[in-house]
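Residue numbers begin at 1 in each chain, while the letters A, B, ... track the order of the sequences.
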There are 2 protein chains.
Amino acid sequence: MKLSFAEENYIKTIYQLTDAGKKGVSTNDISASMKLKPASVSDMLRKLGDKGVIDYRKYYGVHITEEGKKYALSTIRKQRLWEVFLVEKLRFSWDEVVDVADELEHIQSTVLIRRLDEYLGFPKFDPHGDPIPDEYGDVRVRPRVSLNEIDLNATGQIVAVKDSSAAFLRYLDKVGAYIGARIKVIEKVEFDGSIEILIDNKKTIFMSKDVAGNILIMV
Amino acid sequence: MKLSFAEENYIKTIYQLTDAGKKGVSTNDISASMKLKPASVSDMLRKLGDKGVIDYRKYYGVHITEEGKKYALSTIRKQRLWEVFLVEKLRFSWDEVVDVADELEHIQSTVLIRRLDEYLGFPKFDPHGDPIPDEYGDVRVRPRVSLNEIDLNATGQIVAVKDSSAAFLRYLDKVGAYIGARIKVIEKVEFDGSIEILIDNKKTIFMSKDVAGNILIMV
DNA sequence: ATTAGGTTTTAGCTATGGCTAAATATTTAT
DNA sequence: ATAAATATTTAGCCATAGCTAAAACCTAAT
Ligand SMILES: [Mn+2]
Ligand SMILES: [Mn+2]
Ligand SMILES: [Mn+2]
Ligand SMILES: [Mn+2]
């Protein structure tokens, strides 16, 4: 079975909004994330349910099926490989790749993706630090915690970002935070949750709770 | 104004079926070339006429407008740059690129194409010998004639193919004909129009009128 | 000048994937 | 337990882009 562009976008979103087991993904969440009206989402959920890529119980949110995961991971693999291509080969910056990769990920050709993977040297992570699933949908997960949850004086390394919006990524560029940077938490403000960190033992930067929450650390 | 995928495919086809001035491109020709029913083509021609990319006079075929040419050349540029990418970087053979490039050509991003062009070293011709229009739609034409029309004992160089089908290109691979090969016509059979040519002063091959007609030579 | 054959268009249908407005179900607060 | 608020679905549109069958048109042969 082959999914349409729209269906691929939905299943990818549902997969990414799925939060370890528990409640299903809600219509409203999908609607917000994809910037579509809830009514449009409802309609598509019924179709995706009929195709067997999600379990759909009206009014109770959806759960992705094993079949559905396969499709989601295939699209995510393509998206992330193209992101690597854009950054590594075409000199895009990490905040410019999202829109283009969101189109490129729908190109249908197994051999294209295999060759692209090979050409890029079989990268394991995309420019935002997210893991690239292999051909079979296997993802090498590495434990990571949000910068918020790190103790005072603890050290670690920035391995990914939760938010890939241009605004957020450009902010990180400006303050000098990047994937791979070694950090140490040197101040935690109880009042508003903001923190101060030392980057690469060179530079200290101050950031809000919101920013810190979107930075992922490997300790 | 932005054309849809389908509209881009139509305008590209119309441009390519346009034969220096004279009669308009017929509904049936477009239908045959795109493998769509004439009724569907009629419908689209009306829409493209409304958008101003073609001149459409019912029952008399269509003429592409200057505006239309701009869109066609932009899509052709993308198609051919992607074909170069697939062959040069991803080791596709020239008979494997058509389908994938036909999808890739619709990705919308000016910066993507500019960077791709730069990355490929500003190629002037695609893997089939066809010229790549520049950003402004300018095409560097080089005079070329079909191998059929070459005199006995005349020499030249293969610069392009008219037919980009996998079957034809694989046949050329098999007999050892390729873009850039130097050829000499050493036999012309009046009866059926078939010919014998010498390739690179090394190997002689025999080919039907039909095959020769699809090979383009620069003398 | 008429007619037959081929070409092209129109009419009406289907599928996909959006939308708004209204109806209905669930959840939360009283 | 009920009512209000919120979330979700349904109903009825619209646009795009394909199809078949029937009608209309053009052209070439008689
Ligand atoms: Mn997408
Ligand atoms: Mn990414
Ligand atoms: Mn195309
Ligand atoms: Mn080509």
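- Annotation for Ala72(B) and Ile64(B): closest pair CB-CD1, 4.2 Å, computed over non-hydrogen atoms.
- Scanning DNA chain D 5' to 3' for nucleotides with an atom closer than 4.0 angstrom to a non-hydrogen atom of chain A gives a first and last hit of dA7(D) to dT10(D).
- Residues from residues 44-53 of chain A placing a heavy atom under 4.0 Å of any atom in DNA chain C, listed by number, are Met44(A), Lys47(A).
- Across all non-hydrogen atoms, the minimal contact from Pro133(A) to Pro131(A) is CD-O, 3.5 Å.
- Partner of Arg77(B) under the salt bridge (Lys or Arg N to Asp or Glu O under 4.0 Å) criterion, chosen from Asp134(B), Asp130(B), Asp117(B), Asp126(B): Asp117(B).
- The residue Thr27(B) sits close only to the backbone: its heavy atoms come under 4.0 Å of sugar-phosphate atoms, none of a base.
- Under a cut-off of 6.0 angstrom, the local environment of OH in Tyr136(B) is sparse, with at most 12 non-hydrogen atoms contributed by other residues, nucleotides or ligands.
- Minimum interatomic distance between Leu120(B) and Leu81(B) (heavy atoms only, all atoms of both residues): CD1-O, 3.4 Å.
- Seen from the ring of Tyr119(A), Lys89(A) counts as a face-on cation partner, given the 6.0 Å and 45° thresholds.
- Between Ser40(A) and dG18(C) there is no side-chain polar atom (N or O) within less than 4.0 angstrom of OP1 or OP2.
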Query raised in the report: Taking it one step at a time, do Ser26(A) and Asn28(A) satisfy side-chain hydrogen bond (donor to acceptor under 3.5 Å, both in side chains)?
Result: CA-CA 5 Å; Ser26(A) 80; Asn28(A) 259 6; 6.0 Å; no

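- Computed from coordinates, the Asn28(A) CG to dT27(C) C1' distance equals 13 Å when rounded to whole Å.
- In terms of position along DNA chain C, the nucleotide closest to Gly61(B) lies nearer the 5' end than the nucleotide closest to the other residue of the pair Gly61(B) and Lys37(A).
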All N/O donor-acceptor pairs, side-chain side in residues 207-219 of chain A, below 3.5 Å, sequence neighbours left out:
residue	atom	partner	partner atom	Å
Ser208(A)	OG	Asp210(A)	N	3.4
Ser208(A)	OG	Val211(A)	N	3.2
Asn214(A)	ND2	Asp210(A)	O	3.2

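- Among the protein residues, Ala39(A) comes within range of the nucleic acid bases, having at least one heavy atom under 4.0 Å from a base atom.
- Looking only at distances, a side-chain donor or acceptor of Arg115(A) sits under 3.5 Å from a matching main-chain atom of Arg91(B).
- Contacts between residues 29-36 of chain B and DNA chain D, defined by a heavy-atom separation under 4.0 Å, are made by Leu36(B).
- Atom-to-atom, NZ of Lys58(B) to C1' of dT10(C) comes out at 9 Å; the value is rounded to the nearest Å.
- Counting non-hydrogen atoms under 4.0 angstrom, Phe5(A) reaches nothing in the nucleic acid.
- Between the CG atom of Asp43(B) and the P atom of dT9(C) there is a distance of 10 Å, given to the nearest Å.
- Here Ser4(A) reaches the OP1 or OP2 of dG17(C): one of its side-chain N or O atoms lies under 4.0 Å away.
- Partners of Asp99(B) under the side chain to side chain contact (heavy atoms under 4.5 Å, CB included) rule, at least two apart in sequence or in another chain, do not exist in this structure.
- For Tyr178(A), the side chain to side chain donor-acceptor pair (under 3.5 Å) partners at least two apart in sequence or on another chain are Asp200(A).
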